[in-house]
Amino acid sequence: MQKWKPTSIRYKTISISVMVSAAVLVFNAVSFFLLEIYSYRETALPHAQKQAEFIANAVAKPMLSADRAAAKRVLQSLEAEKELAVALLFSSDGTVFCVVGKSGFDDELVTYDSDAGIFFSDLRVTQPVFANGKFIGKLSLVFDHSQLYQRLSWFAIAAILILASGILLAFLFSSKLEAVVFTSLVQLLKVIEKVKLSGDFSIRAKRTSHDELGDLTDGFNAMLDEIQQRDQQLAEFQHSLNKKVAEKTAELNAANQAKSEFLANTSHELRTPLNVILGFAGLLKNMVTDSDQQRYLNNIAVSGKNLLNLINDVLDLSKIEAQHMCLKNEPVDVKSLLKEIADIHSFPASQKGLQFILETDPQLPARFMLDETRFRQVLINLVGNAIKFTHHGFVKLAAKCEFSATEADSVCLTVTVQDSGIGIPEDQTEQIFRAFVQQDGQDNHKYGGTGLGLAISQKLIELMNGKINVCSIVGEGTTFSVVLNDVPVSKSVMSESGAADAQNWEPDDIRFHRSTILLVEDDEANRTLIHEYIGGTHLNLIEAKNGVDALNKLKVVRPDLILMDMKMPTMDGAEATKRIKRNPLFCNIPVIAVSANALSEDRREALECGVETYLSKPLSRKDLFTVLKNHLPNTMVHREPQNASAPQSETEHSPFDQKLDKAALDLAYQLVERLQKMMENWQEISGTMITSDIERFGQNIKQLGNRHLVGSLQQYGEKIEKYAASFQIEELNATLKAYPEVVRKIETQLSGMNNPNLVPIRPKESR
Ligand code: ADP
């Protein structure tokens, strides 16, 4: 049931009906009232005047004879007139001659003397009295309308009754009408309410009449049909949209995954050759004495590092944006770091005619707890920019620190990079920190760059709880300040006189005890590099080219440690590590992952497979030794002067010149195995005689000789290489022909020296 509320149509229609009826009735009553008064007025006055005339004639005689009693009697004849209030007869001098009136009439009427015609007051009619043509007095008749009032009172009562019943009837009729008219409407409203509450558009209203309301119901149902249909379409559309969104999301996830993989792969692919370049450059640096060659090597190393930085920039940006960047704080010698940066940049600065100034606060603590790699990255970027954007004058790298008044173990470290270069317009000092943004209109051909350095640097410094400020004047220069608040000072080196710093050692200070390492690596150059790194130690290296190969090798040899490349064909490092760790015979062998993948997910994945430690390429000798010394028995010696770590002589280490122990014997068998394998290659190049191939063959032989410390083999390889390079064909032929003999000799030597108490790895068994 529709509620009875002032805003409802029911209320309004009934109210209107009742009000209209009431208005009509009131109008009628008022009209009737006025009509009654009007008709009374029309009849009452002439009637009163006639009576006054008649009475005035009748009283003339008694007045003339001064017969008051007779006059009164005449006046009393008017008492039949119900409305007559008083009849007054005045003498010609104005005195009252005689009065007749209703009992209790108002005395004022006697004295009051005016004309008739006052409508709603009493009606007064005055008539002069003449006798024989002479004025002898006057007659006043006063009527009080009581009859009229009485009639009007009855009429008012009747009007009220009629009005009340009229209103009642109007109410009843309009209610009835409302029931007829509004039932359909109310039903419709109920349906609307139901649809609204349930949201079910299949509900329909029932048509109850054949009038406009019926049409309205039909119209409403048609509208519901439409909505229901659209709802269905919408649901179908939403379903297909959800499906599409899910598909797109899956595609995006796949694309994101592909992007991560691409980044990881790219980084891997780039880092692998870089590893080799930087590694060999490092090795060569120790071998080369010529200063020019040293400088060239240094340039190779610096460029290699720069290239590495570029790869890292792209990786860093994605890592920072994905919030995967974790900083690793370790004790950092900031003075040495700045010196190193100055050393790297002094040369390019001097080539541009710039003065490179390094200024460090003498109060600078020996070491701070910082992420060295990231801090170095930021400073290299700032100094590199300073040199790039300065054409004359200087570049100054300075560091100072302020000791906190409250925190004894931490300082505020400020490193500034100042230049006298082109400067940066003030309105651009903020935007240059955005990724891929450079100064407006900058000559890209001249300055190059990607616009990534400052964006990464700022984010890195923010991660270190610091900030980078820039202050610049166009044409005069720029100063970038890196302010790091509350940098902890490394306690282990707070006092310079303390024990030797754990980091303060060189790979040559370690004497490894005899141990065997299984190197699982598909890239030959990287295998060679590791060989070179551990050359001159008592570590024996066994090689495997992939996971399957490694598992096969494990059947015949038990290494003390496994160096496992994670990305390899056939079976990758993760799978091989899992299998090794599942096997109770090998699960205790430490596995060190070595990978060019730099993403933290790869590291986590590797650790989840069970590797003990994760090493990222490019791998320095020190990186490798840092891990090896934690897992393999060794003795740390005090650092000797440089020649103390010079390569030991062949006779000292040759597996053929001393009694072989197991590891050395394994090594020797590996050598023989390699030489035998190279027999096929020897046959081929002996047939084709392509000098470049022969030269490479010679290089390989030489490297084997180097690695296994077999001087004769090394010299044999060198000879082949030399004759091939200088096209000394006859000598080359003769030397090449001797190859089977060389191999046989080594085999003979080996079998002669084999200690029967040891169980060597037989080349054939290991295949
Ligand atoms: P990139 O050097 O690769 O362009 P950066 O993010 O390191 O990228 O620097 C962004 C931009 O900031 C530079 O291209 C240059 O316009 C401006 N800039 C940075 N350092 C300096 C500087 N020392 N002097 C003048 N402009 C600079």
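Each ligand, and each atom within it, is numbered from 1 in the order the structure gives.
Residues passing the salt bridge (charged side-chain N to carboxylate O under 4.0 Å, His left out) test with Asp427: none are found, sequence neighbours excluded.
Of all the heavy atoms of Thr390, none lies under 4.0 Å from any atom of ligand 1, so neither backbone nor side chain is involved. Residue contacts with ligand 1, taken as heavy atom pairs separated by less than 4.0 Å, involve Gln442 solely via side-chain atoms from C-beta onward. Residue contacts with ligand 1, taken as heavy atom pairs separated by less than 4.0 Å, involve Phe480 solely via side-chain atoms from C-beta onward.
Atoms of ligand 1 found under 4.0 Å from any heavy atom of Gln439, numbered from 1 in the order shown, are 16 (O), 25 (C), 26 (N). Using a 4.0 Å cut-off to heavy atoms of Leu452, the atoms of ligand 1 that qualify are 6 (O), 8 (O).
Classification of Lys629 and Asp509 as a salt-bridged pair fails, no side-chain N sitting under 4.0 Å from a carboxylate O. With salt bridges taken as basic N to acidic carboxylate O contacts below 4.0 Å, one links Glu612 and Lys581.
Applying the ring pair (Phe, Tyr, Trp, His ring centres under 6.0 Å) definition to pairs two or more places apart or across chains, those involving residues 381-401 are Phe389-Tyr447, His391-Tyr447.
Taking 4.0 Å as the cut-off, Gly421 does not count as a neighbour of ligand 1 on heavy-atom distance.
With respect to atom 1 (P) of ligand 1, the closest heavy atom belonging to the protein is Gly451 N, 3.5 Å.
Judged purely by distance below 3.5 Å, without hydrogens or angles, the side chains of Arg696 and Gln699 never pair a donor atom with an acceptor atom.
Counting only non-hydrogen atoms, the option in Val417, Thr478, Val437, Asp419 that gets closest to atom 23 (N) of ligand 1 is Asp419.
Panel note: side chain Gln431, backbone Val437; no donor-acceptor pair is recorded below 3.5 Å.
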